[in-house]
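Structure first, then comments.
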Amino acid sequence: MATLPTYLYTQKDPDAGTGLFASEAIPPGVEILRVDRPLVSVLDTPHLKDTCSECCLWLPENGYGGDSQSKRLRACQGCMITKYCCKECQTKSWKRTHKYECKIFAKLYPHVLPNTVRIVMQLLLRRKAITLPDPEWRAFLDLQSHVEEFRSSQVTNEDGLTTWHTIELMSQAASSYSGSKEPVSFTQTLTARILINTHTLTTSTLDPLGLCLSPYSALLNHSCTPNTAIIFSGSTLTLRSLAAIPAKSELSISYVDTTNPSLTRQSELRSRYFFNCTCSACSAGITNGLPDPRPDHNFDAIKGRAVAIQAAASTLPPDREAALLKRALSFLSRYPPHRQPNPSIFHTAFLNAIGTQSWAIALSYALKAYFFIDPLHYQLSWHPVRVVRKWVLLRLVTQIIGLVSAGDGRIKWLENFGINWQIVAMGFFQELSDGARLSHGSNSPFAAEVKAFGEGAGMGRDKVERILLEEEWAKLRKVADDQRETLREEGNED
Ligand SMILES: C[S@@+](CC[C@H](N)C(=O)[O-])C[C@H]1O[C@@H](n2cnc3c(N)ncnc32)[C@H](O)[C@@H]1O
């Protein structure tokens, strides 16, 4: 994409710099911008092993949550680092980028440079080879870098290095490995600009895969109540509306997790992006439409303990991790499930249960988010986060249907609830197919995958009557509640 679509324009603001605006009214749930391939993108180091470096097809080892095609990834025989799902992807990647970096990666094998160094290096190498499209490169250079703010920032990472020291090290590495002759200060500013302007590259189910930079979508300023969201489909970035956007309005995305209270969001925005958020939610002390909780020392102490347990748990084998996460949740059980860090710990516990194939437990955590967390954090029923979580729920329920018919003992606890799993699956499928059209687009591969999955399982034929769904939904609520009671009891005992 060499330029912006005609219905988008840029406008400068003395505080926020350049932003992206719509000249026409935009309805909710439509595509606003499409970037077939961002200017540069890299995979996070662990994903170099399980994701195609060209089209971003993700094939995780456990198969859960990844792309379902029966493809295999093959490593580049030159560096043994990047992997591809087919010859065509390998050739495309080679021509655009990999021929410049393959020998560098090979020399370092089995070590891999951090993703930020690799993305800066990609820009330097392609600039040296004069293969960067000029309009995009110039648009990139116009973006804010905050290099002076980075230089004076006292923020440190877990190794105690200031952000500026880290930028110096990353620039030095990118410069020397790429053989760039650019002045040191140019590469440092380039690195700072990358840190400010990259998006997290994700799967269409919002699992993070890496980093990417498109100078057009980088123009989007932040709001804690954003009117758009970025959705990836493979390596294609699309910007979609989350609300009706009046003509001549600014488009916004959220740079941070909007489920955190306003003080947490503001402090993150100040330290990572160097601005004070004055959006309506921050000004009114609101988090996703709900007033921020009042300051509470007891909560702060319990939260500190729970977060420390969560961090310690992440280093342990899955069974011990699960026990510790349950303990962390039990400390927090007298606070609402939607109050952070509850949602974050529930999600980690859900992933742990999936990893250990504890399907009934995974279902109870997923239902907790479905009933008690997501509707409060994302009031839009087709918000991408809610749609993606419904997709996970649908697949989990399908798994449970298989286990029920096989008489598998791992889901015995669920038998107490007398649930008609077929109706539940059809209900989730209905909600999901309506939502995916708006969140991802009716022509998106995600919507197509959902449709094929549902139809393949015979769910697409009839609509289930509302009354039948309500009966089953009441039972599902009990599954989510039952676990909440258990956690509360454990919390009180402590
Ligand atoms: C990804 S860039 C967005 C494009 C940027 N406005 C520019 O002119 O290059 C992020 C930077 O934009 C500015 N910014 C974004 N959202 C803002 C907001 N809501 N209020 C003030 N500044 C904002 C901050 O300087 C931030 O570091």
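Small disclaimer: the values here were computed from a predicted structure and weren't measured. In this chain, numbering begins with 1 at the start of the sequence shown. Every number for a ligand or one of its atoms is a count from 1 in the order of the listing. Quick note: numbers below take in every heavy atom, side chains included, and nothing from hydrogens, waters or symmetry partners.
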Pairs of donor and acceptor atoms involving the side chains of residues 241-252, under 3.5 Å and at least two apart or interchain, shall be tabulated with distances.
| unit_1 | atom_1 | unit_2 | atom_2 | d |
| --- | --- | --- | --- | --- |
| Ser241 | OG | Pro27 | O | 2.7 |
| Ser241 | OG | Gly29 | N | 3.0 |
| Ser241 | OG | Val30 | N | 3.0 |
| Ser241 | OG | Val30 | O | 3.4 |
| Ser249 | OG | Pro246 | O | 2.7 |
| Glu250 | OE2 | Asn221 | ND2 | 3.0 |
| Ser252 | OG | Asn227 | N | 3.3 |
| Ser252 | OG | Asn227 | OD1 | 3.3 |

* Asked: Can a cation-pi geometry be assigned to Arg339 and Phe299, taking NZ or CZ under 6.0 Å from the six-membered ring centre and within 45° of the ring axis?
  -> yes
* **Where at least one partner belongs to residues 149-176, residue pairs that pass salt bridge (Lys or Arg N to Asp or Glu O under 4.0 Å), sequence neighbours excluded** => Glu148-Arg151
* Do Lys92 and Glu54 meet the salt-bridge criterion of a basic N to acidic O distance under 4.0 Å? -> no
Write out each pair where an N or O from ligand 1 and one from the protein are under 3.5 Å apart, with the distance.
| unit_1 | atom_1 | unit_2 | atom_2 | d |
| --- | --- | --- | --- | --- |
| ligand 1 | 6 (N) | Ala16 | O | 2.7 |
| ligand 1 | 6 (N) | Thr18 | O | 2.7 |
| ligand 1 | 6 (N) | Asn221 | OD1 | 2.8 |
| ligand 1 | 8 (O) | Thr18 | N | 2.8 |
| ligand 1 | 9 (O) | Gln144 | N | 2.9 |
| ligand 1 | 12 (O) | Gln144 | OE1 | 3.4 |
| ligand 1 | 12 (O) | Asn221 | OD1 | 3.4 |
| ligand 1 | 14 (N) | Asn221 | OD1 | 3.4 |
| ligand 1 | 16 (N) | His222 | N | 2.9 |
| ligand 1 | 19 (N) | His222 | O | 2.9 |
| ligand 1 | 25 (O) | Gln144 | OE1 | 2.6 |
| ligand 1 | 25 (O) | His146 | NE2 | 2.7 |
| ligand 1 | 27 (O) | His146 | NE2 | 2.9 |
| ligand 1 | 27 (O) | Tyr273 | O | 2.7 |

* Does anything in residues 175-185 pair up under salt bridge (Lys or Arg N to Asp or Glu O under 4.0 Å), and if so which pairs, sequence neighbours excluded? -> Arg127-Glu182
* To do: Quickly, which of Thr259, Asp292, Thr287 forms a side chain to side chain donor-acceptor pair (under 3.5 Å) with Arg265? Name it, please.
  => Thr287
